[in-house]
Amino acid sequence: MSKQNENKEIKSGAYQAAEIEAKIYQEWLDKKYFTADNTSDKKPYSIVIPPPNVTSVLHLGHALNNTIQDILIRKHRMQGFETAWIPGADHAGIATQVIVEKQLVAEGSTRREIGRDKFIERTQGWADLNKDKILHQLEKMGSSCDWSRTAYTLDDGLTSAVEHVFKHLYDKGYIYRGHRIVNWCISCQTSLSDDEVEHEDSKGKLWYIRYKLKGSDEYLTVATTRPETMLGDTALAVSPKDSRFKKYVGKTVILPILEREIKIVADSYVDPEFGTGVVKVTPAHDPNDFEIGRRHDLEEINILNIDGSINENGGKFKGLKRYDCRKQLLKELEEKGHLVKTEDYDLSAGTCYRCHNIVEPYLSDQWFVKMSELAKPAIDAVKSGEIKFHPDYWSKTYLHWMENIRDWCISRQLWWGHRIPVWYAEDGTMFISVNRPSADDCKGYDPETLVQDEDVLDTWFSSWLWPFSTLGWPNNDADVKAFYPTKVLSTGSEIIFLWVARMVMAGYEFVGGLPFTDVYIHGTVRDANGVKMSKSLGNGIDPLEIIEKYGADALRISMVLSTPDGQDPWLSKNTFEVGRNFINKVHQVSKFVMMRIGDKKPNLHEINSDDLVIFDKWILSRLHRTLESVNKSIDEYRLSTAAKTVYNFVWNDFCSWYVELIKPDKADEEIREGSLNVAAYVLNQILKLMHPFTPFVTENTYRDLHNLIEGSSETIMFAKWPEPDASFIDEKLEESLEQIQAVVTAVRMVRSELNVPPSKKSDLYIKVKDEAFGQLLENHIGYFRSLIKVENLFVGTDTKKPLVSASAIISGADIYVPLAGLIDIEVEKARLDKEITNLKNQLEKVSRKLANPDFLANAPEDVTKKERAKKEDYQERIEKMNKNLEQILGW
RNA sequence: GGGUGGUUAGCUCAGCUGGUUAGAGCACCUGCUUUACACGCAGGGGGUCAUAGGUUCGAAUCCUAUACCGCCUACCA
């Protein structure tokens, strides 16, 4: 931190976010402003929150996502929609169970020791604690969630939705139980769906192992990346088209070490070009081998225990961990001459998305959902544009996955979650029910003898119902009727498959219609080095820490400003200074305007157009241009662009120009009434426009402003959203003002470069080309006199250059600042030289263009006209500057 | 291996349908206790727009390759 920064902290005039934010949020809660009314006549606008996991508190990714949702909700609330933002949390089966199990181990216990009921009770307590923390964080961020509708995937209502859906799919034949190869995490000791497996590239080896042909001295060599699986080999396979190996098909080889006899089969899966052209077949530990095994009726030998150690089928290797076994096995193979060679090999190993251990393909009984039929309407929805992705390119990712969808393994060998609602009789007959079936439900069987499936359902099996289960489906339809489908789902790209796609399928299958019309995919939050923020890397930033230091408004606006539309934001702690400074700026300018209002009563809602000067009209024009642009950007989900537009308007147009322009020449003079009205009106619009982005400072200031003028105030939350009005936009007038700004800037530049003390006033001579512009300057000099420290202004079409003066030549005006005794000739000369060189370069470019006959022949007329005008302008300015330069040299 | 996003100032990014003196914020340099704001004001320096071709009167912008960075996806042992 620099010295300057240290000093700033002590300054007392700055905006104090913390106290204001806490107070305001509590008021919003007390008045129940966030609560949605399902009987309202207003048009609905609803969003369901992507439920955060109860395993950990929120990070900046959540802060970004929830800011986006709150911006959309608050804007639409102001636009008169009945808004419902449904908050909630997700029980996160595997992740939560893993954490609680670790706690138990640390205490010297295990889940099996304390038993299922105790374990669930304990996990529940822990999850509830975290859930509360998460909801508290959302509040601190200013989220205007409808807390009366807070949902949780393990709530009774949501649980009954899960049961309902399970039964529905089972009856339809879409849910089935199968003996299949699944992804098995040896650490979490559960199956995983394909989407819960992450692929990580790693350096591996390809081991070449030879298998001896029975009754011959010949060998067949296979290549493998997982040699330990050979303990479960039940065949070798070759391509049926491969002439090299045709003669061996049907023969037998001896599996090294275990000395088991296994046969050689021909299967078209084998690629003769790869490796040796011979593949070892381990049906119980490889999905492809499993298929080959089924085709050739091979034995399926499971060699692993659920913890990844070798079981009794591994003979003497029994009890070894998988990679220890690999080591010993390779050693023995080498000793016995079976290891032909070893090559380096890049592979991408599947790892568990929760614990990052390498996943084993594992043969077990699991429940699956058949997906192909469910996918159809979900594909159509995106293809037809009924559901739109923002940015649009994500729809390709979605469609690619949907069109290649595979069955979904939904059973998990866990205790934490929705227990599979299936009961088995001794003979294997199944009954679907959450609770023990009644005698009527299982005719012919004694309910007491039925045993419930031990496993629980994948967490996503409850979260895919989120857009309607949170609204009371299937038991209560009032909210469903009022708020389904929701409008937009805002989330990160990493759960397009896990969650978004499945919600779309669920929406069509269970409720009969799409769950949302828009999917907004925001970027992934990264640290200052571009590394994804994560708890395990420890590079995350706690939003609460940022809120404490800078305020929630600053957190929100900083995040949105620094998240490029459709790209990943790179954030560091000082990213948030941008927002804090901006909030303070708004606070300061509001303070100023209110101070100047005093006991006057400007109209905040209407403009009296009879009492406007050019600057007033200009800021109104800029305001409405801004409104036009911001509204468009938000509608297109370009929130960062919207925020930047607001930022630039407020800081540059309003604070740096307009407010400075209307400041009277002397401190004790009053602001012209018409301008003060405009300032108050524009400020009010700014506050409303900014409210979705920075809810607290705008609420606070809005109330102050209204109290001051009207003696009372309502909340800004339901204030009328500022819509653009094109009749305020005046391009010509904006151009005129840009000319005035150019004069001001030129004078400032001259003074600054010549090191004129800011306190020193001077006269100003301007020779204008156009009489009207001269009038404009003359009539409004009072407004910008203080901006350029001008004493007397001399303006006209024939104004002469004072002898000793610095000059600046801009389009349409020659500017002279008489500064006898203050001008350093060398500095002024260098300055003019630089300017002239600059202009000459530009002139050169334009001249070349205009000398090209093809350009003149082909370019549209307005372009050539523009270029000609430019050329003239450059020439004129260069001439004048040269003259000025000569004159200086003559001094 | 397929798909997809990126490459513009020291850093993070704008620049949407080709014609701009290529912009902003941060950082940097200079000056400033100027009537709200030093979390500020004014001014300044800094870019052969990844590379190579092409289309065009004209390319940061369109097309084609190449390189690098990133993400997603994939059962080639």
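These numbers come from the heavy atoms of this one structure, side chains and all, not from hydrogens, waters or symmetry mates.
When the P atom is compared between B/C49 and B/G2, the two are found 31 Å apart, to the nearest whole Å. Taking atom C1' on both B/A24 and B/U17, the two are 23 Å apart, rounded to the nearest angstrom. B/G3 and B/A74: their C1' atoms are spaced 11 Å apart (whole Å). Rounded to whole Å, the P atom of B/G70 lies 23 Å from the corresponding atom of B/A65. A distance of about 14 Å separates the C1' atoms of B/G58 and B/U20, rounded to the whole Å. Separation of the C1' atoms belonging to B/C32 and B/G47 is 30 Å when rounded to the nearest angstrom.
Checking the phosphate oxygens (OP1, OP2) of B/C75, a side-chain nitrogen or oxygen of A/Arg406 falls inside 4.0 Å. Close to B/U34, at under 4.0 Å from its OP1 or OP2, lies no side-chain N or O of A/Lys666. A/Tyr208 has no side-chain polar atom (N or O) that falls below the 4.0 Å cut-off from OP1 or OP2 of B/A77. The side chain of A/Lys585 places an N or O atom within less than 4.0 Å of a non-bridging phosphate oxygen (OP1 or OP2) of B/C41.
One interatomic measurement links the two molecules: CZ of A/Arg831 to C1' of B/U30, which rounds to 15 Å at whole-angstrom precision. Summarising the geometry, the separation between NZ on A/Lys760 and P on B/G43 is reported as 21 Å, rounded to the nearest angstrom. Separating the CZ atom of A/Arg580 from the P atom of B/G25 is a distance of 17 Å, rounded to the nearest angstrom. To the nearest angstrom, P of B/U4 lies 5 Å from NZ of A/Lys396. One interatomic measurement links the two molecules: CE of A/Met749 to P of B/G43, which rounds to 10 Å at whole-angstrom precision. At whole-Å resolution of the value, CD in A/Glu867 and C1' in B/G58 are 10 Å apart. The nearest whole Å value for the distance from the CG atom in A/Asp862 to the P atom in B/U20 is 12 Å. A/Leu561 places its CG atom 21 Å from the P atom of B/C11, with the value rounded to the nearest Å.
The A/Tyr874 side chain lies nearest to B/U21 when the options are B/C37, B/U21, B/C75. Among the nucleotides B/G43, B/C76, B/U21, the one closest to any side-chain atom of A/Lys870 is B/U21. In the set B/A22, B/C75, B/A42, B/A22 carries the atom at the smallest distance from any side-chain atom of A/Lys845. Ranking B/A36, B/A77, B/U4 by closeness to the A/Val279 side chain, first place goes to B/A77. Nearest nucleotide to the A/Trp570 side chain, out of B/U12, B/C75, B/C32: B/U12. Of all nucleotides listed (B/G44, B/U35, B/U12), B/G44 comes nearest to the side chain of A/Lys834. Among the nucleotides B/U35, B/U4, B/A77, the one closest to any side-chain atom of A/Tyr345 is B/A77.
The pair A/Glu734-A/Arg625 counts as a salt bridge, with a side-chain nitrogen and a carboxylate oxygen less than 4.0 angstrom apart.
The base of B/A36 is paired with the side chain of A/Glu660 by a donor and an acceptor separated by under 3.5 Å. Residue-to-nucleotide contacts include a donor-acceptor pair under 3.5 Å from the side chain of A/Lys663 to the base of B/A36.
The nearest heavy atom of RNA chain B to A/Pro757 and to A/Arg638 marks one nucleotide each, and the one closer to the 5' end goes with A/Arg638. When each of A/Lys591 and A/Val578 is assigned the nucleotide of RNA chain B with its nearest heavy atom, A/Val578 is the one assigned upstream, toward the 5' end.
Residues A/Asp665 and A/Ser786 have side chains that never bring a donor and an acceptor to within less than 3.5 angstrom of each other. Of the N and O atoms on the side chains of A/Thr282 and A/Lys280, at least one donor lies less than 3.5 Å from an acceptor on the other residue. No donor-acceptor contact under 3.5 angstrom links the side chains of A/Tyr269 and A/Glu291, judged on distance only. A donor and an acceptor atom, one from each side chain of A/Gln842 and A/Asn838, are nowhere located under 3.5 Å apart. Checking A/Arg672 against A/Tyr783 by side-chain atom types alone, a donor-acceptor pair falls below 3.5 Å.
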Protein and nucleotides 55-57 of chain B: nitrogen or oxygen contacts under 3.5 angstrom:
residue: B/C57; atom: O4'; partner: A/Asn858; partner atom: ND2; Å: 3.4
residue: B/C57; atom: O2'; partner: A/Asn852; partner atom: ND2; Å: 2.7

Check: protein-nucleotides 59-63 of chain B nitrogen or oxygen pairs below 3.5 Å:
none

Exercise for review: Go along nucleotides 68-73 of chain B 5' to 3' and tag each nucleotide: B for a protein heavy atom under 4.0 Å from its base, S when only backbone or sugar atoms are that close, - otherwise.
Suggested key: --SSSS

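Secondary-structure stems of RNA chain B, taken as three or more successive Watson-Crick or G-U wobble pairs (i with j, i+1 with j-1) under a 3.5 Å distance threshold, comprise B:1-7 with B:67-73, B:10-13 with B:23-26, B:28-32 with B:40-44, B:50-54 with B:62-66.
A/Asp553 and A/Val697 make their closest contact through OD2-N, 2.7 Å (heavy atoms, listed as atom of the first residue, atom of the second, distance).
In summary, of the residues considered (A/Phe696, A/Phe582, A/Tyr15), a ring pair (Phe, Tyr, Trp, His ring centres under 6.0 Å) with A/His587 occurs for A/Tyr15 alone.
Looking at residues two or more places apart in sequence or on another chain, you find a ring pair (Phe, Tyr, Trp, His ring centres under 6.0 Å) between A/Tyr362 and A/Trp184.
Residues from residues 644-652 of chain A that place a heavy atom under 4.0 Å from any atom of RNA chain B, listed by number: A/Lys644, A/Trp651.
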